[in-house]
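Here's the structure, in structure tokens; my notes come after.
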Protein chains: 2
Amino acid sequence: MNEIEVFRKYVKESGLRNTPEREVIIEEIFLTHDHFDVDTLYLCLKNKKCSISKASIYRTIPLLIESGLIKEVFFEDGHMHYEHVLGHEHHCHFRCLGCGKIIEFKQDEVLDIEKKFSRSHGFEVTGHKLELFGYCRECLKKEGKDCKVSIVDRVNPN
Amino acid sequence: MNEIEVFRKYVKESGLRNTPEREVIIEEIFLTHDHFDVDTLYLCLKNKKCSISKASIYRTIPLLIESGLIKEVFFEDGHMHYEHVLGHEHHCHFRCLGCGKIIEFKQDEVLDIEKKFSRSHGFEVTGHKLELFGYCRECLKKEGKDCKVSIVDRVNPN
DNA sequence: ATTATTATTGAGAATCTATTGCAATAATAA
DNA sequence: TTATTATTGCAATAGATTCTCAATAATAAT
Ligand SMILES: [Mn+2]
Ligand SMILES: [Mn+2]
Ligand SMILES: [Zn+2]
Ligand SMILES: [Zn+2]
């Protein structure tokens, strides 16, 4: 079952309604595996001439979260970002301080840290969030210069 | 040299001016070792009858960051939180999803992760932010009940 | 197919918070 | 004391998100 089918099922089972607007939104979101934010998504659809109101986007996102399709990611730039969950294993992020680029990577050692902390404190650790930051290869070359290319993120980080 | 002296020095050397407002702000911030946010700090001073405008608080924080006294920590509840840097080693955080309590812990294994990622990508990693979350012992006992006690954080997490 | 029910939409208003403009004030230097 | 100008507090602004509400449209019932 792909994302769109999962969503349709969720909508149906929640007594909600499938609408063309919602279809357009999720089709766009799951077209790529990129992170996204509301504004970028909104402008993206606007450019494609299938404009959807921001209100509808804002109202669809909680549904996508509740149906387990996306989750919030925090990039500390003043607004919320989201990423895909279905078919995407948990991962960590590296953020380039030069160009804002986000790189995903997997790292099982964090689980050891979780266990260690859990044992030593008697707490239940249900998850973690790890973000590395520094400078990507391109930015190291340019030594401080701005680069605008974004690898997993179509959001322009300003 | 304590925090206040460091700050006075920084202000002087930057061609800025020491003011009673700034003194009040940093005195309050460094009175405890707690994390803090603007609103809590503002209300705290208001209660103590030494009210400072939020604008001044917002304008003082960058100075404190630039002088190496505090740094930004969380963003997850829509606004920024800060913690002390001077005299505080780098550490990670555990956040209790039940009561919002923040526990600090040190963990050198993260440095290995940094190195590993740095080598495999050819990037320069300058830092990391690791946050574990789950349930503290008290919340595990109470099984879902709310507890309001906060250990290192005077911020009420809502 | 028609009708009834009611969830959804879009536009804009409202809200909430971080930031900024500005005139008055006050810290520092001359 | 006076001049200079950084700082302050208030209010205005900006940006993200939520809400209001009348019009619309998806679904179920007939
Ligand atoms: Mn990601
Ligand atoms: Mn801390
Ligand atoms: Zn870069
Ligand atoms: Zn707890």
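Fair warning: this is a prediction, and the values are worked out from it, not measured in the lab. Throughout, a chain's letter reflects where its sequence line sits, starting with A, and its residues are numbered from 1.
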### Query
Is there a donor and acceptor pair closer than 3.5 Å between the side chain of B:R17 and the base of D:dT5?
yes
### Message
With hydrogens left out and only the distance checked, is there a donor-acceptor pair under 3.5 Å joining A:R22's side chain and the base of C:dT8?
### Response
no
Expressed as a whole number of angstroms, how long is the span from [X]:[atom1] to [N]:[atom2]?
| X | N | atom1 | atom2 | answer |
| --- | --- | --- | --- | --- |
| A:H79 | C:dT17 | NE2 | C1' | 16 Å |
| B:L16 | D:dT8 | CG | C1' | 14 Å |
| B:I57 | C:dT19 | CD1 | P | 13 Å |
| B:Y42 | C:dT19 | OH | P | 16 Å |
| A:E72 | D:dA16 | CD | C1' | 13 Å |
| B:L63 | D:dA6 | CG | C1' | 11 Å |
| A:R8 | D:dT27 | CZ | C1' | 16 Å |
| A:N18 | C:dT8 | CG | P | 9 Å |

### is_close_aromatic(B:F123, A:F94), centroid dist under 6.0 Å
yes
### Message
Suppose we call two aromatic rings close when their centres sit under 6.0 Å apart. Are A:F75 and A:H93 close by that rule?
### Response
yes
If you check the [X] side chain, which of [options] turns out closest?
| X | options | answer |
| --- | --- | --- |
| B:P20 | C:dA11, C:dA27, D:dT8 | C:dA27 |
| A:K12 | D:dT8, C:dA7, D:dT27 | D:dT27 |
| A:M80 | D:dT17, D:dT7, D:dG9 | D:dT17 |
| B:R59 | D:dA6, D:dT27, D:dC10 | D:dC10 |

### Task
Sort out the partner of C:dA29 for me: Watson-Crick or G-U wobble, both distances under 3.5 Å, none otherwise.
D:dT2
### Message
Once rounded to the nearest 0.5 Å, what's the spacing between atom CZ of B:R95 and atom NZ of B:K101?
### Response
13.5 Å
#### Entry: Nearest-0.5 Å distance, CG of residue B:N2 to CZ of residue B:R8
7.5 Å
Measuring to OP1 and OP2 of [N], would you say a side-chain N or O of [X] lies under 4.0 angstrom away?
| X | N | answer |
| --- | --- | --- |
| B:S56 | D:dG9 | yes |
| A:T19 | C:dT9 | yes |
| B:Y58 | C:dT19 | no |

### Query
Hey, which of these two, B:D39 or B:E21, hits DNA chain C nearer its 5' end, going by closest nucleotide?
B:D39
### Query
Between A:H128 and A:H90, how do the two ring planes meet: parallel, tilted or perpendicular, split at 30° and 60°?
perpendicular
